[in-house]
There are 2 protein chains.
Amino acid sequence: MKKRDDLAHSAAVMYYVQDQTMDAISTEFGVSRATVSRLLKHARDTGLVRITVTDVSRGTDVLARQLERAFGITAHVVQVRGAATEAVRLEQVSKVAASVLDTLMEPGTILGLAWGSTITELSRHLSPRRVPESVIVQLNGAGSARRSGIPYTGAILNSAAEAFGSQVVHFPVPAFFDYAETKRAMWRERSIRGVLALQAQATVAVFGVGALYGTVPSHVYSSGYFDEEDYALLAREHVVGDVCTVLLREDGTWADIEMNSRATGPTPHELSRIEHRLCVVAGAHRTPALLGALRARAVTDLVVDELTAKLLMDKVEPV
Amino acid sequence: MKKRDDLAHSAAVMYYVQDQTMDAISTEFGVSRATVSRLLKHARDTGLVRITVTDVSRGTDVLARQLERAFGITAHVVQVRGAATEAVRLEQVSKVAASVLDTLMEPGTILGLAWGSTITELSRHLSPRRVPESVIVQLNGAGSARRSGIPYTGAILNSAAEAFGSQVVHFPVPAFFDYAETKRAMWRERSIRGVLALQAQATVAVFGVGALYGTVPSHVYSSGYFDEEDYALLAREHVVGDVCTVLLREDGTWADIEMNSRATGPTPHELSRIEHRLCVVAGAHRTPALLGALRARAVTDLVVDELTAKLLMDKVEPV
DNA sequence: ACGACCTGTGCACGAACGTGCAGAAAGGAG
DNA sequence: CTCCTTTCTGCACGTTCGTGCACAGGTCGT
């Protein structure tokens, strides 16, 4: 499809630069106006046309500033129609997050990506833009008792790699090992050490937070990663969710949770060596987990919907 | 107007990033949809939202490639509706040129600007974008027997400076001196030498071509810069137009034209030390002058309307 | 205090736009 | 070559958008 890109490019120039109407362009090209509409969509989708909003926002959004002061982060609060479904909320937040991520990518960036419903959605909204020498590395294992997790994370990593033109490095381990012993053993393997080393060099990390409780428990808690016994353990430890499959409590502690010795994602401590840690959160039920993540200092950049942001601030600074 | 920019920013995010309809945004904000439409226009106008078309074009536009091969330049051929008036043609070409100039500006750029109807129009279509440490320097004098030229060039330089946030350096001399002697004298003055030195350091120059003949003679030939005697001289010398008020013939020669010893713009030879020389041309009557400019190697980047491009190629490679 | 003026907003209408659908063209398999 | 599948295109409709106009609220000068 070389011809199409070409037409799309001319059309884009005429439409976006010269501001011709689609009608004028269609007669110029001798095609229907509908086709021009489609060409322009194509141009936008393929990154031939980029629409960028400068983020000078930080300065006046009250809620965002509160978050920034309270946690020492950069925050983007996303307006979502109150009546929206959870799916819509997630979509809106992901779109904004995608655009924020876009501003963080620069040549040579090593991007660490977690997985989950939030990140999946985000990966769908990345607009293509070649980032030379970029590498994408999977942050945490995704295998479970039932599945290897590779198709699932593969979809995420691939679409991100396609958007940025990056190399991909998978992390072929389960989300949790059954035995801490196995993890220690694997962590000595050179194949794994290579991935871990790359993770440590990442300059940007993107992740959501998993919520253990609420009407919509997150993927990892509802898809066979844990058994009955595990759940009991989680409850006893007051775990509210996770960041990169490292479980944590609302107060931000995680180090003493036994199950984390079997988890494969980077701990908040390990994460904190990464310069930009973009956390994407949509949905009120994630508030406790988000609070834990923030207190664990796992986050430098946050994208969150307005409602959740409000609930969060209410918890921190009750009025 | 801080509040307005702020609302405009939120609206822009919702509209361009989250693709909400203006309707949804208006109810969210509690204003009318019309207001949102205006906010978005404001956001675009102030550079809060940027729409960029990647110029991978170079690759398939046949005419553009012909020009590139024939003259060793980078060319952008602008489609303009055949039926368009000259004013529309100029506007369209200027818009594209403005976007090309935008891609050439980077931090620290010293931009040399000529003046004329083309450049005036171009300066109207620059979309604001702060370019740190940039400087704009006027390339050629604009004074005539009647006017100082400062208000006229001032408008151009100011609007460009506003768009890029640059410093401005004027060149307060006439377009042509009456006596070559005066020019030599002035060129020794330190105030003038400072400007000349800056011109010599420019990394980007933008200019049109003036056409001496045709239905629409260019500004410099119709606004009292010359007297009867001058015109006779121009005709005798086969001058077809000018670049930065340096007169030239269709074959690209200029050095032996007496009047040029009184002109204040950089000669093609001086221009050629500037890395990027963006020439903007709209209108068939400028074809001979453009040909002269190209042959004089004054140009590295050309933006031209399709019709003029065709006429030009017909002259060079008759079919 | 009053009117003249200026800025910003909503309304309403016509213009511009996106997209489901159905038919045409292009590409493959037999 | 023919039939089937897939992709592309134009039509038509409903939606979404831009803007002239008129009015409201605010500012300034007299």
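Note that this is a predicted model, so its numbers are computed, not measured. Hydrogens, waters and symmetry mates are skipped; everything else that's a heavy atom, side chains included, is used.
Under 3.5 Å, the side chains of A:Asp305 and A:Thr308 contain a donor-acceptor pair of N or O atoms. In this structure, a donor-acceptor pair under 3.5 Å is present between the side chains of B:His42 and B:Asp5. A donor and an acceptor atom, one from each side chain of B:Arg50 and B:Tyr16, are nowhere located under 3.5 Å apart. A donor-acceptor contact closer than 3.5 angstrom is absent between the side chains of B:Thr120 and B:Ser123.
A distance-only check finds no donor-acceptor pair linking the side chain of A:His276 to the backbone of A:Leu101 [under 3.5 Å]. A:Glu68 places a side-chain N or O within 3.5 Å of a backbone atom of A:Ala75 that can act as its donor or acceptor partner. When atom types are taken as modelled, the side chain of A:Gln18 and the backbone of B:Gln79 share a donor-acceptor pair closer than 3.5 angstrom.
One atom, CG of A:Leu7, and another, P of D:dC8, lie 13 Å apart when rounded to the nearest Å. In this structure, CG of B:Asp45 is placed 10 Å from P of D:dT19, rounded to the nearest angstrom. Going from atom CG of A:Asp23 over to atom P of D:dC11 covers 12 Å, rounded to whole Å. Between B:Phe29 atom CZ and C:dG10 atom P there is a gap of 13 Å when expressed in whole angstrom units. Atom CE of A:Met22 and atom C1' of D:dG10 are 16 Å apart (whole Å).
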Produce the list of close N/O pairs, under 3.5 Å, pairing protein atoms with atoms of nucleotides 12-15 of chain C; give distances to one decimal.
none

Show the distances under 3.5 angstrom between N or O atoms of the protein and N or O atoms of nucleotides 21-26 of chain C.
none

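Here the side chain of A:Thr35 is nearest to one of C:dC17, D:dG18, D:dT9, namely D:dT9.
To the nearest 0.5 Å, atom CG of residue B:Leu302 and atom CD1 of residue B:Ile73 are 4.5 Å apart. Put simply, CG on B:Leu48 and CZ on B:Arg129 are 15.0 Å apart, with the number rounded to the nearest 0.5 Å.
For B:Ser32, no side-chain nitrogen or oxygen approaches OP1 or OP2 of C:dT9 to under 4.0 Å. The side chain of A:Lys41 contributes no N or O atom lying less than 4.0 Å from OP1 or OP2 of C:dC17.
The stretch residues 10-20 of chain B touches DNA chain D through B:Tyr15, each having a heavy atom within less than 4.0 Å of the strand.
A side-chain contact (heavy atoms from CB on, under 4.5 Å) with A:Cys279 is found for one member of A:Val304, A:Val206, A:Val209 and no other, namely A:Val209.
By the 4.5 Å heavy-atom criterion applied to side chains, B:Tyr15 and A:Val53 are not counted as neighbours.
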